[in-house]
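Working notes, structure below.
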Protein chains: 2
Amino acid sequence: MTFAKFKKLAMISMEDICREIFNENPDSIRIKKEHLVVKNLMTIFNATIKLSNAKGFHAMSLRDLGRESGLSLGCLYNYFASKEELLTIIQDQGRRIVARLLDQSVDSAMHPKDKLEAVIRTHLYLSEVMQPWFFFSFMETRYFKKREYEKSIAGELKTEQRIIDILEAGRAQQVFNIDQPMLTASVTKAMLQDWYLKRWKFRRQKITVENYADFVIQFVDSAIM
Amino acid sequence: MTFAKFKKLAMISMEDICREIFNENPDSIRIKKEHLVVKNLMTIFNATIKLSNAKGFHAMSLRDLGRESGLSLGCLYNYFASKEELLTIIQDQGRRIVARLLDQSVDSAMHPKDKLEAVIRTHLYLSEVMQPWFFFSFMETRYFKKREYEKSIAGELKTEQRIIDILEAGRAQQVFNIDQPMLTASVTKAMLQDWYLKRWKFRRQKITVENYADFVIQFVDSAIM
DNA sequence: GTCTATACAACGATAGAC
DNA sequence: GTCTATCGTTGTATAGAC
């Protein structure tokens, strides 16, 4: 799939999931009109991630958030019960869309080499479309309270396990030549992470997400074939 | 070099650099007895990094730091002029020791393949000995004010340039087969970073720093030879 | 050198007017 | 539904006792 096509798919998923959140949290969200909630929630999420990525979630005050989102401090509290909970729903939304799109992509390929390419390419495209969320998630996870922390780590390990499974299947079919599938998956994931962690570097060097995807796929292939 | 031997070397450098900091900052450090300053500075640095890595530098209050280091809030201000400055001297100390030990190691190898192995192994050993500092530096850099931010980025690019130079020299001597030295260096660095960013994962899998170094060296070699 | 006490600003959260 | 006003708490930093 090209990146352009992927982008449209992801955007639709985001609004959908915002609507799901509204329906699942009738206790915290005190506003009743759906169109208003979806619109303001999207604004609040984007503003939160923007400010958090600039100064950190903890350092972002709700007064800052009010200014950035155009809502008053008091009004914000109609959309979430506490600053802590705001974080939880942002994390839930992001994890849900990542899992959904990654599953779709990997399942559509059959052979290990294609599956490996699919997981690498899709993860990179995902982290390009949702770079602010990926960055936010990576940087803030360590501050999460136990429950939220564990969900975040579990999501990460699940992604890694997906790669391990593909590598082991490929080894069993004698497509890949690998001694240590876990470490191989680990360094592959490190390369994927670098795309959203060091975006300034790749921008500066004018590397597109498609360039980078091609390179990583070729690099991993030459190491394990 | 084995990790055990490397560790001793690094420890000596740390105290040395603490002494250098004392001599270079007579304005901020109001205490005059060297042995006291070196002792308390080391305590303050370690406590700062420990607390910051747990809750973030910004969220760490100086009351917390006083409790952790065993000094009163007022007393801390005899060792640095502001919280901001505390961060600066910690960064300076870390960067200095990294640059010193990395230079030593890379310069002692002659052939590109040995140099590549040296930079990978030394960086991993360094980030094992100084894991808290590396983690701190990676996580906090984005909050630094302009001057400090630029120094941090420059240090990072310098490390990456070291790898690029080795790869290009190896390509010129037809030892390595590489299309894109910059991207190759970039993903190599991503693998090095993962060692100090995801330590919990490697601990859980009982991977030692020597295991990981051997693996990364072999993985990169198979991709570029 | 190290302590306690305190000044002043900014935080998350809530109540009640509009 | 959104606003302003305000509560109690906690932050950095300093002054002056010991």
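All figures in this text were calculated on a predicted structure; none of them were measured in a lab. First the proteins, then the strands, lettered A, B, ... as listed; each starts at 1.
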Next on the checklist: Heavy-atom nearest nucleotide on DNA chain C for N78(B) versus E84(A): which residue maps closer to 5'?
Outcome noted: N78(B)
Checklist outcome for this item: From CG of L62(A) across to P of dC11(C) the rounded distance in Å is 9 Å
Next on the checklist: Quick check: do Q91(B) and E140(B) have side-chain heavy atoms less than 4.5 Å from each other?
Outcome noted: no
Next on the checklist: Any side-chain N or O of S72(A) below 4.0 angstrom from OP1/OP2 of dT2(D)?
Outcome noted: no
Item to check | side chain to side chain contact (heavy atoms under 4.5 Å, CB included) involving R63(A) - partner list, sequence neighbours excluded | outcome: S61(A), R67(A), L73(A)
Checklist entry - Where does the angle between the aromatic ring planes of F219(B) and F219(A) fall among parallel (under 30°), tilted (30 to 60°) and perpendicular (over 60°)? => result tilted
Item to check | Partners meeting side-chain hydrogen bond (donor to acceptor under 3.5 Å, both in side chains) with W195(A) (sequence neighbours left out) | outcome: E128(A)
Item to check | Whole-Å gap separating P (dT4(D)) and OH (Y77(A)) | outcome: 16 Å
Checklist entry - Rounded to whole angstroms, how far apart are NE2 on H58(B) and P on dC11(C)? => result 8 Å
Next on the checklist: Taking any heavy-atom pair under 4.0 Å as a contact, classify L71(A): base, sugar-phosphate, or nothing.
Outcome noted: sugar-phosphate
Checklist entry - Picking from dT6(D), dC3(D), dA13(D), which would you name as closest to the side chain of C75(A)? => result dC3(D)
Checklist entry - For the side chain of R63(B) and the base of dT12(D), is some donor closer than 3.5 Å to an acceptor across the two? => result yes
Item to check | Contacting residues from residues 17-41 of chain B, given that a heavy atom lies under 4.0 angstrom of DNA chain D | outcome: none
Checklist entry - Got a donor-acceptor contact below 3.5 angstrom from the N23(B) side chain to the R19(B) backbone? => result yes
Item to check | Integer-rounded Å distance: dT14(C) C1' and K83(A) NZ | outcome: 17 Å
Item to check | Between dT2(D) (C1') and F80(A) (CZ): distance, integer Å | outcome: 14 Å
Checklist entry - Excluding sequence neighbours, so at least two apart, what forms salt bridge (charged side-chain N to carboxylate O under 4.0 Å, His left out) with E156(B)? => result K198(A), K189(B)
Checklist entry - Rounding to a whole Å, what distance do you find between L65(A):CG and dA13(C):P? => result 12 Å
Checklist entry - Relative to the ring of Y77(B), is the ring of F80(B) parallel (under 30°), tilted (30 to 60°) or perpendicular (over 60°)? => result tilted
Checklist entry - Rounded to the Å, how far apart are L76(A) CG and dC3(D) P? => result 9 Å
Next on the checklist: dT2(C), OP1 or OP2 - any side-chain N/O from Y79(B) closer than 4.0 Å?
Outcome noted: yes
Sub-3.5 Å pairs of nitrogen or oxygen atoms, protein against nucleotides 16-18 of chain D:
none

Checklist entry - Can you pull the ring-ring contact (aromatic ring centres under 6.0 Å, His included) pairs that have at least one residue in residues 16-49 of chain A, sequence neighbours excluded? => result none
Next on the checklist: Does K50(A) have more than 12 heavy atoms from other residues, nucleotides or ligands lying within 6.0 Å of its NZ?
Outcome noted: no
Next on the checklist: From CZ of R67(B) over to P of dT4(C), roughly how many Å is that when rounded to an integer?
Outcome noted: 12 Å
